[in-house]
**Student:** 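Submitted below is the structure of interest, expressed as structure tokens.
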Amino acid sequence: LTVAGKPLRYHVLWGLELFALIGLPTKFIVAWMQSADLGEGPAHWAMLESGSGPGFWVFMAVSSYALPPLFEELYLRGYAQTRLTGVMGPAGAIGLLSVLFAAAHTQYYALEATSLTMLALIFVAAVANGVARHVTGSLLAPILAHVLVNLPIGV
């Protein structure tokens with residue numbers, strides 16, 4: 001993790017802007033899908049709605065909101081994107097990793113509107129995070145945006 005010669009506030013603002021452009025619309029779409037009658041939706045949504053207590057939230061922080069964004073961005077953008085950029089250029093690396101990242105979200109493998117929309121949103125967010133990593137030269141903005149996107153809504 002580096003600031004790439006730029007002030008920390010530069011990366012924080014990038015992360016917040018990234019979240020505002022990609023994450024907030026995603027949150028609104030997810031909130032609409034959860035309230036609309038589009039079918040059951042992914043199984044983990046029901047778990048989130050029924051969860052409570054400090055133990056549940058500590059578990060969710062470790063398993064979804066904090067550690068996965070950190071490790072996913074360190075590996076995907078920090079290692080894989082850097083390596084693949086040398087082989088296939090920035091656009092190729094970002095595109096390939098975005099497809100792989102969306103494909104890794106198997107909880108959305110269903111031929112229904114909710115799941116297909118979620119996969120599309122995940123792909124767009126992955127592209128945006130890849131571009132942010134490339135432009136800023138740092139992982140701070142993608143990590144911040146990813147953490148904010150993973151935080152639950154309506155809790």
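Numbers here are sequence positions counted from 1. Owing to the predicted nature of the structure, the values given are computational and were not obtained by experimental measurement. Side chains are part of it too, since the values below use all heavy atoms of this structure and drop only hydrogens, waters and symmetry mates.
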**Student:** Are L100 and L119 connected in the hydrophobic side-chain network, where two residues link if heavy atoms are under 4.5 Å apart?
**Tutor:**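 Yes; L119 is reachable from L100 via cluster members.
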**Student:** So if I apply the side chain to side chain contact (heavy atoms under 4.5 Å, CB included) rule between L139 and each of N129, T2, L74, which one comes out positive?
**Tutor:**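 Per the side chain to side chain contact (heavy atoms under 4.5 Å, CB included) rule, the option paired with L139 is L74, out of N129, T2, L74.
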**Student:** Does one hydrophobic cluster hold both L151 and F71, with members joined at side-chain heavy-atom distances below 4.5 Å?
**Tutor:**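 Yes.
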**Student:** Decide yes or no for Y65 and V147: does some side-chain heavy atom of the first lie under 4.5 Å from some side-chain heavy atom of the second?
**Tutor:**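 A side-chain contact under 4.5 Å is absent here.
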**Student:** What is the distance from atom CD1 of I94 to atom CG of L76, rounded to the nearest 0.5 Å?
**Tutor:**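 Nearest 0.5 Å value for the CD1-CG distance: 12.0 Å.
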**Student:** Taking only residues two or more places apart in sequence, or in another chain, which ones meet S64 in a side chain to side chain contact (heavy atoms under 4.5 Å, CB included)?
**Tutor:**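 Per chain and number, S64 pairs via side chain to side chain contact (heavy atoms under 4.5 Å, CB included) with M60, N150.
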**Student:** Might you confirm whether atom OH of Y109 has over 12 heavy atoms from other residues, nucleotides or ligands at distances under 6.0 Å?
**Tutor:**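 Counting other residues, nucleotides and ligands, OH of Y109 exceeds 12 neighbours.
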**Student:** So how far is it from L70 CG to L144 CG, rounded to the nearest 0.5 Å?
**Tutor:**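 Answer for the CG-CG pair, L70 versus L144, is 12.0 Å.
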**Student:** First locate atom CD1 of I122, then atom OG1 of T117, and finally report the distance between them rounded to the nearest 0.5 Å.
**Tutor:**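 Taking CD1 in I122 and OG1 in T117, the distance rounds to 11.0 Å.
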**Student:** Applying ring pair (Phe, Tyr, Trp, His ring centres under 6.0 Å) as the test, list every pair that has at least one member in residues 85-104; sequence neighbours left out.
**Tutor:**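 For residues 85-104: F101-H105, F101-H146.
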**Student:** Closest approach of S115 and E112, non-hydrogen atoms and distance?
**Tutor:**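 For S115 and E112, the tightest heavy-atom pair comes out as OG-OE2, 3.1 Å.
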**Student:** Using the salt bridge (charged side-chain N to carboxylate O under 4.0 Å, His left out) rule, collect all pairs that involve residues 59-73, keeping only residues at least two apart or in two chains.
**Tutor:**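 Sorted result for residues 59-73: E73-R77.
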**Student:** Hydrophobic clustering (ILVMFWY, side-chain heavy atoms < 4.5 Å, transitive) - are L116 and L121 grouped together?
**Tutor:**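 Looking at the clustering, L116 is in a separate group from L121.
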**Student:** Which donor-acceptor pairs under 3.5 Å do the side chains of residues 9-24 make with protein atoms, sequence neighbours left out?
**Tutor:**
{"unit_1": "Y10", "atom_1": "OH", "unit_2": "W14", "atom_2": "NE1", "d": "3.2"}
{"unit_1": "H11", "atom_1": "NE2", "unit_2": "V3", "atom_2": "O", "d": "2.6"}

**Student:** Under a single-linkage definition using a 4.5 Å side-chain heavy-atom cutoff for Ile, Leu, Val, Met, Phe, Trp and Tyr, are V131 and Y75 assigned to the same hydrophobic cluster?
**Tutor:**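 In one cluster with V131: Y75, no.
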**Student:** For residues 78-98, which residue pairs pass the side chain to side chain donor-acceptor pair (under 3.5 Å) check, not counting sequence neighbours?
**Tutor:**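 As it turns out, the side chain to side chain donor-acceptor pair (under 3.5 Å) pairs with a partner in residues 78-98, which skip direct neighbours, are T82-R133.
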